[in-house]
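Just below is one structure, and these are the notes that go with it.
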Amino acid sequence: MTTTTDHPSDFIRDIVADDLRAGKYKQICARFPPEPNGYVHIGHAKSICLNFGITREFGGICNIRMDDTNPIKEEAEYVESIMTDVRWLIDGWADKHVGGAPFYASDYFDRFYEHAVDLIRKGKAYVCDMTSEETDAYRRLGKASHFRDRSIEENLDLFARMKAGKFADGARTLRAKIDVNAANVWLRDPVLYRIRHASHHRTGDKWCIYPMYDWAHTLSDYIEGITHSVCTLEFEVHRPLYDWILSALELPEPRPHQYEFARLNLTYSVMSKRKLIQLVNEKLVNGWDDPRMLTISGLRRRGVTASALRAFAYNVGITKYPSTTDMAVLEHTMRDEFNRNAARRLAVLRPIKIVLTNYPEGKIEELDAINNPEDPKAGMRKVPFSRELYIESDDFMETPPPKYFRLRPGGEVRLKYAYIIKCDEVVKDDAGKVIELRCTVDLDSKSGGPTAARKIKGTIHWVSAAQAIDAEVRLYDRLFSVPEPDASGDFKSLINPNSLEVVTAKCEPALATAHPEERYQFERLGYFALDPDSTREKQVWNRTITLRDTWAKVK
RNA sequence: UACCCCGUGGUGUAACGGUAACACAGCGCCCUUUGGAGGCGUUAUUCUUGGUUCGAAUCCAAGCGGGGUAGCCA
């Protein structure tokens, strides 16, 4: 059984436990540092669950910090969405461990600047006038910039004028003076500040120089008293620079330390922000919260719960091996939770009408139905039964294949919670399409009746026609039709054409009072959640995930 | 090419020098008024070669394979 109550074990948690045991830190402090240039997705969820998981397990705090150092890519809209999504994900789980939120790297711009001036005074940074192309070329060759040996006074003056807006974009940079020949290229005098005359979503036009990631991130961590700065593998080679900055500035202990883990990859999906933005901008999906998107807002809209997402993060684990998790694991995690919690209801997605010729016209019975066989406390409900019903069109075949044990001409099937019926007659329209089935019902076969125990292989779901309520149901499937849409060049051509199908379903009356927070199993079909598009007049349902379908495999 | 990191069933993880295990997926059976759930069984694993050791998935070395980095993005 999957739970999130067990404390996971992984190399990061081992380090944290060791540090605490050794008294290296009094309390641990982690952080989740998104750049507000897109929506957070399930890969971020892994990171959020790691960072907040650590702090709740070891008694610390975790800051949410917008890493907003690049004004031309970042927007306030994204800050909003990120906060909403993170809070939703950790609500009731780690929300007590949020360090006062949100923090912004941009709030530290003045301090970053002071530290930069300090670095120049220490002779460990210089203003460089080379173009970006020259810088690249020199760095590749391990060659020193012509401007590397400027005097401290000149550097101070130039840097002040950079800040004052005296130079054009790209004209100069502030660079750390480390080692132009270092084996690790991030130590070859990396750029710390660049000139960008652009409005920032929070600081407006106050600045025209903006700090680079390494400078801002390291100092933000230090300023906030972060103990364990956990990031993904691609920052591994930046760690020596992270450590260099802290020691070059001679910042007092305790200092933060950076650790890296492998980001989440999932089959049948793309995860890069760039590709998600393309899907949205090119209208290949209906926005960031399209239920087919693996954004947190998309998953939420689809009906996935925060606890299921957390369970998924737990199941996936934390390592340094760049693995790809099977989408089936995510799907299993959903089913596992919903099976335990979701109330069962009867709904027919693709209705075909049935008339019970020997059942009295006008008679309505209220039959007992079990709300959740996994949870006796969920109780029972009444379901109306009458002469005219709908069943799933998949549950009838005129010439069925072997091992098909649903309804067929002359065959019998059990209607769940009701009677056994026999198909006597198939009614077709002029085009030969089956439009109605005329059946007889074994009136003794109801629960508790004399023939209730008759062995019938098939049991199908149904809805009484007169009492049924119509609802729009959106049937979602995996967005991509191949396991690795990233592998080839054009991921957009690999979108699953059947990733969304919309039907008008016939639902049992109890569904009229369905609650948006609840998850429902439409028996034999899958788990469903109400979409925000629902109105009082018309419900809109999203299929979160189908039930396992072993029959589909037999076919 | 250089530097860094990583290699455990099909997939994802555990085992922290002492019997290689769990989950997902697959297959088979049982059960079932959900072809769901559940139960039972089953297939299949330490990249290679050396070394250290009484003993190696674990430590060391080399090789091979994979990933990352080489933006004035983060």
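B/rC22 and B/rU1: their P atoms are spaced 42 Å apart (whole Å). Taking atom P in both B/rA61 and B/rG41, the straight-line distance is 43 Å, to the nearest Å. B/rU11 sits 41 Å from B/rC72 when the C1' atoms are compared, rounded to a whole Å. Nucleotides B/rA23 and B/rU42 have their P atoms positioned 14 Å apart, rounded to a whole Å.
Nucleic acid contact class of A/R548 (heavy atoms, under 4.0 Å, all strands): sugar-phosphate only. As judged by a 4.0 angstrom heavy-atom cut-off over every strand, A/R172 is placed among residues making no nucleic acid contact. The residue A/T131 sits close to a base: some heavy atom pair falls under 4.0 Å. Residue contacts shown for A/R196 are limited to sugar-phosphate atoms, with no base heavy atom under 4.0 Å away. Counting non-hydrogen atoms under 4.0 angstrom, A/P240 reaches nothing in the nucleic acid. Residue A/M327 is classed as having no contact, given no heavy-atom separation below 4.0 Å to the nucleic acid. Here A/A418 lies in heavy-atom contact (under 4.0 Å) with a base. Backbone-only contact: A/K553 has heavy atoms under 4.0 Å from sugar-phosphate atoms and none from a base. A/S132 comes within 4.0 angstrom of a base, heavy atoms only. When heavy atoms are screened at a 4.0 angstrom cut-off, A/T550 is found touching the sugar-phosphate backbone but no base atom. Residue contacts for A/D169: at a heavy-atom cut-off of 4.0 Å it reaches no nucleic acid atom on any strand shown. Base contact: A/Y417 has a heavy atom under 4.0 Å from a base atom.
Straight-line distance from the CD atom of A/Q258 to the P atom of B/rU69: 14 Å, rounded to whole Å. If you take CZ of A/R239 and C1' of B/rC4, they are 9 Å apart, rounded to a whole angstrom. Spacing between atom NZ of A/K320 and atom P of B/rC16 amounts to 20 Å, rounded to whole angstrom units. For A/I318 and B/rG12, the CD1 to P distance is 14 Å, given to the nearest whole Å. At whole-Å resolution of the value, CG in A/D486 and P in B/rG68 are 11 Å apart. Rounded to an integer number of Å, the gap from A/H238 NE2 to B/rG68 C1' is 10 Å. Note: CG (A/L547) to C1' (B/rG36) measures 4 Å, nearest angstrom. Atom CG of A/L233 and atom P of B/rG66 are 17 Å apart (whole Å).
No hydrogens or angles considered: nothing links the side chains of A/Y78 and A/E35 as a donor-acceptor pair under 3.5 Å.
When Watson-Crick and G-U wobble pairs are counted only if both distances are under 3.5 Å, B/rA62 pairs with B/rU48. B/rG38 and B/rC30 make up a base pair, with Watson-Crick or G-U wobble contacts both under 3.5 Å. Pair check for B/rC24 finds B/rG10; Watson-Crick or G-U wobble, both atom distances under 3.5 Å. Under the Watson-Crick or G-U wobble criterion, with both distances below 3.5 Å, B/rA2 is paired with B/rU69.
Checked against A/W541 for a ring-ring contact (aromatic ring centres under 6.0 Å, His included), the options A/Y476, A/Y520, A/F528 give a single hit: A/Y520. Residue A/F522 forms a side chain to side chain contact (heavy atoms under 4.5 Å, CB included) with just one option from A/L547, A/T546, A/L511, and that option is A/L511. Across A/F385, A/Y419, A/Y390, A/Y417, a single residue satisfies ring-ring contact (aromatic ring centres under 6.0 Å, His included) together with A/W462, and that is A/F385. The only option from A/L330, A/D336, A/V304, A/L299 that meets the side chain to side chain contact (heavy atoms under 4.5 Å, CB included) definition with A/F312 turns out to be A/L330.
Look at B/rG71: its glycosidic torsion is within 90° of 0, and that puts it in the syn range.
Side chain A/E236 to base B/rU69: no donor-acceptor pair is found below 3.5 Å. For B/rU11, the base has no donor-acceptor partner in the side chain of A/T324 [N/O atoms by modelled type, under 3.5 angstrom]. Put simply, the side chain of A/R524 and the base of B/rU34 share no donor and acceptor less than 3.5 Å apart. With hydrogens and angles ignored, no donor-acceptor pair closer than 3.5 Å exists between the side chain of A/R335 and the base of B/rG36. For B/rG36, its base sits under 3.5 Å from the side chain of A/E374 at one donor and acceptor pair at least.
Mapping A/F235 and A/K46 onto RNA chain B by nearest heavy atom places A/K46 at the nucleotide closer to the 5' end. Across the interface with RNA chain B, nearest-nucleotide mapping of A/K446 and A/A183 shows A/A183 to be the residue nearer the 5′ end.
Pairing each heavy atom of A/R194 with each of A/P211, the nearest pair is NH1-O, 2.7 Å. Considering every non-hydrogen atom in both A/S199 and A/Y210, the closest pair reads C-OH, 4.4 Å.
Of the possible donor and acceptor atoms, one in the side chain of A/Q258 sits under 3.5 Å from a partner among the backbone N and O of A/F235.
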